[in-house]
Number of protein chains: 2
Amino acid sequence: MTSTEPDRTTVAPGVPGTRPTRQRRAVGEVLASFDDFRSAQEIHTLLGQRGESVGLATVYRTLQLLADAGEVDVLRSEDGEAIYRRCSSTHHHHLVCRSCGATVEVEGPAVERWTSAIADEHGYVDISHTLEIFGTCRACAG
Amino acid sequence: MTSTEPDRTTVAPGVPGTRPTRQRRAVGEVLASFDDFRSAQEIHTLLGQRGESVGLATVYRTLQLLADAGEVDVLRSEDGEAIYRRCSSTHHHHLVCRSCGATVEVEGPAVERWTSAIADEHGYVDISHTLEIFGTCRACAG
DNA sequence: CCCTGAATTGACAAGCGTTCTCAATTGTCC
DNA sequence: GGACAATTGAGAACGCTTGTCAATTCAGGG
């Protein structure tokens, strides 16, 4: 029970959250099919319409994984609902038309530096921030 | 039934949302008793501790009124819960401890300018923005 | 190719914050 | 004081999100 025993020091044969399943692929495809922010429930409905049956809980879990991995942006609509969108991997913010929802990704190195500086100045650590800009886009303004 | 009838052209004797009741006064007093953001439920609890019994639904309604009137700031904590705070009238942002809720009001003229510039650049008008910084304050970080 | 075990899923229940309902109460104005 | 709208409170209802847990699926070794 010693010499023949295989190496068991690696406790986990696979790391959770990495298995490519039908459901995860389907969620990824749906995310690629639109450019604006959608709620988990909307995404779940879209999956149904595509004929890809995926449980609602799985949709939530997958979106959480993708968000943790930085592959989707999550933000809260005004009524507190979480909405998701696939995103470029860099940190950025959004300029959103409050009328039609058209979204522009914007980067703001100056803002990043500013928030860090402010946080340092007050002794806050482990910083995150949310910045969204709302306005009316050219098309909607007429 | 015609000549003796009083003038009925004024449909509304009073405008809703303006009556100073015990409950609304109590909520106002509690709001004045702290400086950081609190959830509606916390405020409801604080009212109870003060001996001022106010229904939870009334707390929500009152906070909504105050928010509409611009007398309190509302923002969403990272998990989507609405949190409230009486506010100074100037535009500002918040550095909030995600552990204890300690809040610092910060102004960022640079950020204001930056958001305006970005919006102009993309043809968006009638701009507003939300910017909140979350972190762990010195006390909570240990 | 089959076996084993962990990862993953789905249906459902549960949790939580928020809003709605409606009868009872309160404040305002005549 | 009286009438009537505004307001309240208790609880139900609601919508989003997360937890539960047995059943299923995937990866890798034998």
Side-chain angles (χ1 to χ4, degrees), chain A residues 4-28 30 37-48 51-69 72 74-84, chain B residues 1 4-28 30 37-48 51-69 72 74-84 101:
Chain A
T4 56
E5 194 163 8
D7 185 359
R8 284 283 178 209
T9 52
T10 54
V11 184
V15 181
T18 56
R19 209 137 91 183
T21 64
R22 174 184 68 80
Q23 291 87 343
R24 288 180 185 170
R25 235 174 294 119
V27 170
V30 168
F37 285 89
R38 302 294 177 92
S39 71
Q41 317 248 1
E42 284 176 314
I43 291 169
H44 176 246
T45 300
L46 288 173
L47 283 164
E52 290 278 5
S53 168
V54 179
L56 181 57
T58 300
V59 173
Y60 274 102
R61 282 184 294 236
T62 303
L63 288 172
Q64 233 160 23
L65 283 174
L66 292 172
D68 290 346
V72 302
V74 194
L75 63 88
R76 297 272 171 182
S77 66
E78 236 169 52
D79 63 336
E81 191 179 9
I83 49 181
Y84 305 83
Chain B
M1 49 136 86
T4 56
E5 196 164 7
D7 185 358
R8 286 280 181 212
T9 52
T10 53
V11 184
V15 180
T18 57
R19 207 135 94 183
T21 64
R22 173 185 68 79
Q23 291 85 345
R24 287 180 187 172
R25 235 175 293 119
V27 170
V30 168
F37 283 89
R38 302 294 176 91
S39 70
Q41 317 248 2
E42 284 177 313
I43 291 169
H44 176 247
T45 300
L46 288 173
L47 283 164
E52 289 278 5
S53 166
V54 179
L56 181 57
T58 300
V59 173
Y60 273 102
R61 282 184 293 235
T62 303
L63 289 171
Q64 233 160 22
L65 283 173
L66 292 172
D68 289 346
V72 303
V74 194
L75 63 88
R76 297 273 171 181
S77 65
E78 282 182 345
D79 64 337
E81 192 178 11
I83 49 182
Y84 305 84

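Every value quoted in this text rests on a predicted model; they were computed, and no experiment measured them.
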### Task
Please name all residues satisfying ring pair (Phe, Tyr, Trp, His ring centres under 6.0 Å) with A:Tyr84, sequence neighbours left out, ordered by chain then number.
none
### Task
Pull out every residue in residues 38-48 of chain A that has a heavy atom closer than 4.0 Å to any atom of DNA chain C, ordered by number, or say none.
none
### Task
List for me each residue that meets side chain to side chain contact (heavy atoms under 4.5 Å, CB included) alongside A:Gln64, sequence neighbours excluded, and say none if there are none.
none
### Query
Is any side-chain nitrogen or oxygen of A:Arg24 closer than 4.0 Å to OP1 or OP2 of D:dC26?
no
### Task
For A:Ala69, enumerate each residue passing the side chain to side chain contact (heavy atoms under 4.5 Å, CB included) test, keeping only those at least two apart in sequence or located in another chain.
A:Glu71
### Message
List the residues meeting side chain to side chain contact (heavy atoms under 4.5 Å, CB included) with A:Leu65, not counting sequence neighbours, and say none if there are none.
### Response
A:Arg24
### Task
Write down the distance between CD1 (B:Ile83) and C1' (C:dT18), rounded to a whole number of angstrom.
15 Å
### Nucleotide C:dT8, atom P - distance to CZ of A:Arg19 in whole Å
5 Å
### Query
Given C:dT18, C:dG10, D:dT17, which nucleotide is nearest the side-chain atoms of B:Glu81?
C:dT18
### Query
Does a nitrogen or oxygen in the side chain of A:Thr21 sit under 4.0 Å from OP1 or OP2 of C:dA7?
no
### Task
Respond yes when some side-chain nitrogen or oxygen of B:Arg25 is under 4.0 Å from OP1 or OP2 of C:dG27, and no when none is.
no
## Note on the structure
Hits for side chain to side chain contact (heavy atoms under 4.5 Å, CB included) against A:Ser53, two or more places apart or cross-chain, chain-then-number order -> none
### Task
Quick one: list whatever passes salt bridge (charged side-chain N to carboxylate O under 4.0 Å, His left out) with A:Arg38, sequence neighbours left out.
A:Asp36
### Task
Measure from CG on A:Leu56 to C1' on D:dG15 and round the result to the nearest Å.
11 Å
### Message
Let's see if you get this right: which residues in residues 58-67 of chain A place a heavy atom under 4.0 Å from DNA chain D?
### Response
A:Tyr60, A:Arg61, A:Gln64
## Note on the structure
residues 51-62 of chain A vs salt bridge (Lys or Arg N to Asp or Glu O under 4.0 Å), sequence neighbours excluded, gives A:Arg22-A:Glu52
